There are 2 protein chains.
Amino acid sequence: MLKISKKADYALMALQHIAAAQLGDVIPGRVVNTKEIAEEYNIPLELLAKVLQTLSRNALIESHNGPKGGYVLARRADKITIAQILESIEGPLGITDCSHEKDGEFCMQRDNCNIRTPLLKVQDSIAQLLNNMTLQDMMGGTPLITIQSSAAQGVAR
Amino acid sequence: MLKISKKADYALMALQHIAAAQLGDVIPGRVVNTKEIAEEYNIPLELLAKVLQTLSRNALIESHNGPKGGYVLARRADKITIAQILESIEGPLGITDCSHEKDGEFCMQRDNCNIRTPLLKVQDSIAQLLNNMTLQDMMGGTPLITIQSSAAQGVAR
DNA sequence: CCTTAGTCCGACCTTATTGATCGGAGACCA
DNA sequence: TGGTCTCCGATCAATAAGGTCGGACTAAGG
């Protein structure tokens with residue numbers, strides 16, 4: 001239960017990879033294309049492309065077309081939260097259907113609903129969790145920043 | 001995103017109702033049948049029945065057949081956690097596909113996967129949240145527990 | 001300047017999961 | 001013992017996810 005979609009998974013992997021490339025696993029500011037990511041993680045190429053398009057449309061990454069093109073982070077890794085990434089792909093966080101009811105529409109159970117309030121509390125806790133964790137925080141295994149020792153480069157790629 | 005299924009929703013409503021009936025909104029120890037719950041909350045009768053069957057099979061409620069039959073809580077409301085309820089309906093908690101991989105099977109991305117560890121941290125936090133909240137806590141606007149998000153700190157570095 | 005290879009982009013199809021439904025079996029009470 | 005009320009298991013339709021195809025654009029290289 002509460003499983004996030006494959007597309008969201010792919011988005012997280014791709015962003016982690018792009019961030020790592022940009023922070024300097026080889027060359028700082030490097031542009032990385034769809035094919036490279038797809039092969040690295042065994043993700044269906046065309047599906048990953050679709051995911052990256054969505055992320056681009058939501059201004060999390062920037063696309064550069066043509067030969068030597070690819071994607072670059074739109075802003076610093078510590079300014080991109082997990083919540084933003086997931087919401088770009090799967091839409092707004094909503095444990096229940098009645099989480100974001102507009103005026104006028106409401107579920108059939110609304111009148112006597114006895115679980116709405118507690119569930120919204122749970123939802124808030126999860127939202128807080130995802131909002132407080134950034135892409136930077138996910139870069140645990142890979143060396144942060146720095147062009148440094150050749151040992152570090154060996155590990156990174 | 002992260003939306004729980006309708007069936008899980010129904011399960012929570014039904015259990016809350018059964019618990020309320022049992023704790024004495026009219027008669028303590030009262031047996032409540034499927035039809036009563038379905039009408040109270042405008043839930044499709046047959047679908048709710050299926051949900052209750054599942055809960056019964058998972059030993060969260062006890063079924064009594066025949067006229068004047070119905071369902072009763074299998075144990076005290078403060079001994080039933082939200083996690084147990086949701087898992088009965090939707091299966092074990094798993095943010096990602098690789099959450100409960102058995103030996104031998106693993107996702108294609110496993111080798112170079114860079115997000116598995118941080119996501120498992122997030123999952124643990126959510127599990128903790130759901131395990132610490134009982135059916136009792138959902139009764140009548142009672143105060144709720146809130147966990148502070150420790151996932152981000154735990155993963156960083 | 002023009003060709004060409006490489007890239008992103010948007011619409012389409014297939015498959016799996018959820019939501020909902022139907023008829024039957026068992027149990028209790030009169 | 002008959003009838004009625006209840007739970008139960010198997011089956012069908014709707015929705016969303018996963019995956020695929022061809023076209024449009026860009027920038028380099030001759």
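The shown structure was predicted, so the numbers you read here are calculated from the model rather than taken from an experiment. In what follows, chains are A, B, ... by sequence order, proteins preceding strands, each numbered from 1.
- Under the side chain to side chain donor-acceptor pair (under 3.5 Å) criterion, E87(A) pairs with no residue at all, not counting sequence neighbours.
- Applying the side-chain hydrogen bond (donor to acceptor under 3.5 Å, both in side chains) rule to pairs touching residues 37-49 of chain B yields N114(A)-Y41(B), H17(B)-Y41(B), sequence neighbours excluded.
- Contact check, T34(B) against dC7(D): a side-chain N or O comes under 4.0 Å of OP1 or OP2.
- Against DNA chain D, the stretch residues 58-77 of chain A makes heavy-atom approaches under 4.0 Å through N65(A), G66(A), P67(A).
- In 5' to 3' order, the nucleotides of DNA chain C bounding all contacts with chain B (an atom under 4.0 Å from a heavy atom) are dG19(C) to dC28(C).
- Q53(A) places its CD atom 15 Å from the P atom of dA24(D), with the value rounded to the nearest Å.
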Every protein N/O within reach of nucleotides 18-22 of chain D N/O, cut-off under 3.5 Å:
{"from": "dG18(D)", "atom 1": "OP1", "to": "K6(A)", "atom 2": "N", "distance (Å)": "2.8"}
{"from": "dC21(D)", "atom 1": "N4", "to": "E46(A)", "atom 2": "OE1", "distance (Å)": "3.4"}

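- Listed by first then second residue, pairs satisfying salt bridge (charged side-chain N to carboxylate O under 4.0 Å, His left out) with a partner in residues 47-63 of chain B number zero, not counting sequence neighbours.
- Residues satisfying the side chain to side chain donor-acceptor pair (under 3.5 Å) test with Q123(B), not counting sequence neighbours, are S99(B).
- For E36(B), the salt bridge (charged side-chain N to carboxylate O under 4.0 Å, His left out) partners at least two apart in sequence or on another chain are R30(B).
- Not a single donor-acceptor pair under 3.5 Å links the side chain of N58(A) to the backbone N or O of L55(A).
- For residues 6-21 of chain B, the salt bridge (charged side-chain N to carboxylate O under 4.0 Å, His left out) pairs, not counting sequence neighbours, are D97(A)-K6(B).
- Every residue meeting the side chain to side chain donor-acceptor pair (under 3.5 Å) condition with R76(B), not counting sequence neighbours, appears here in chain and number order: D78(B).
- Counting only residues at least two apart or on different chains, no ring pair (Phe, Tyr, Trp, His ring centres under 6.0 Å) pair has a member in residues 71-99 of chain B.
- With sequence neighbours excluded, the residues forming a side chain to side chain donor-acceptor pair (under 3.5 Å) with Q84(B) are R75(B), listed by chain and number.
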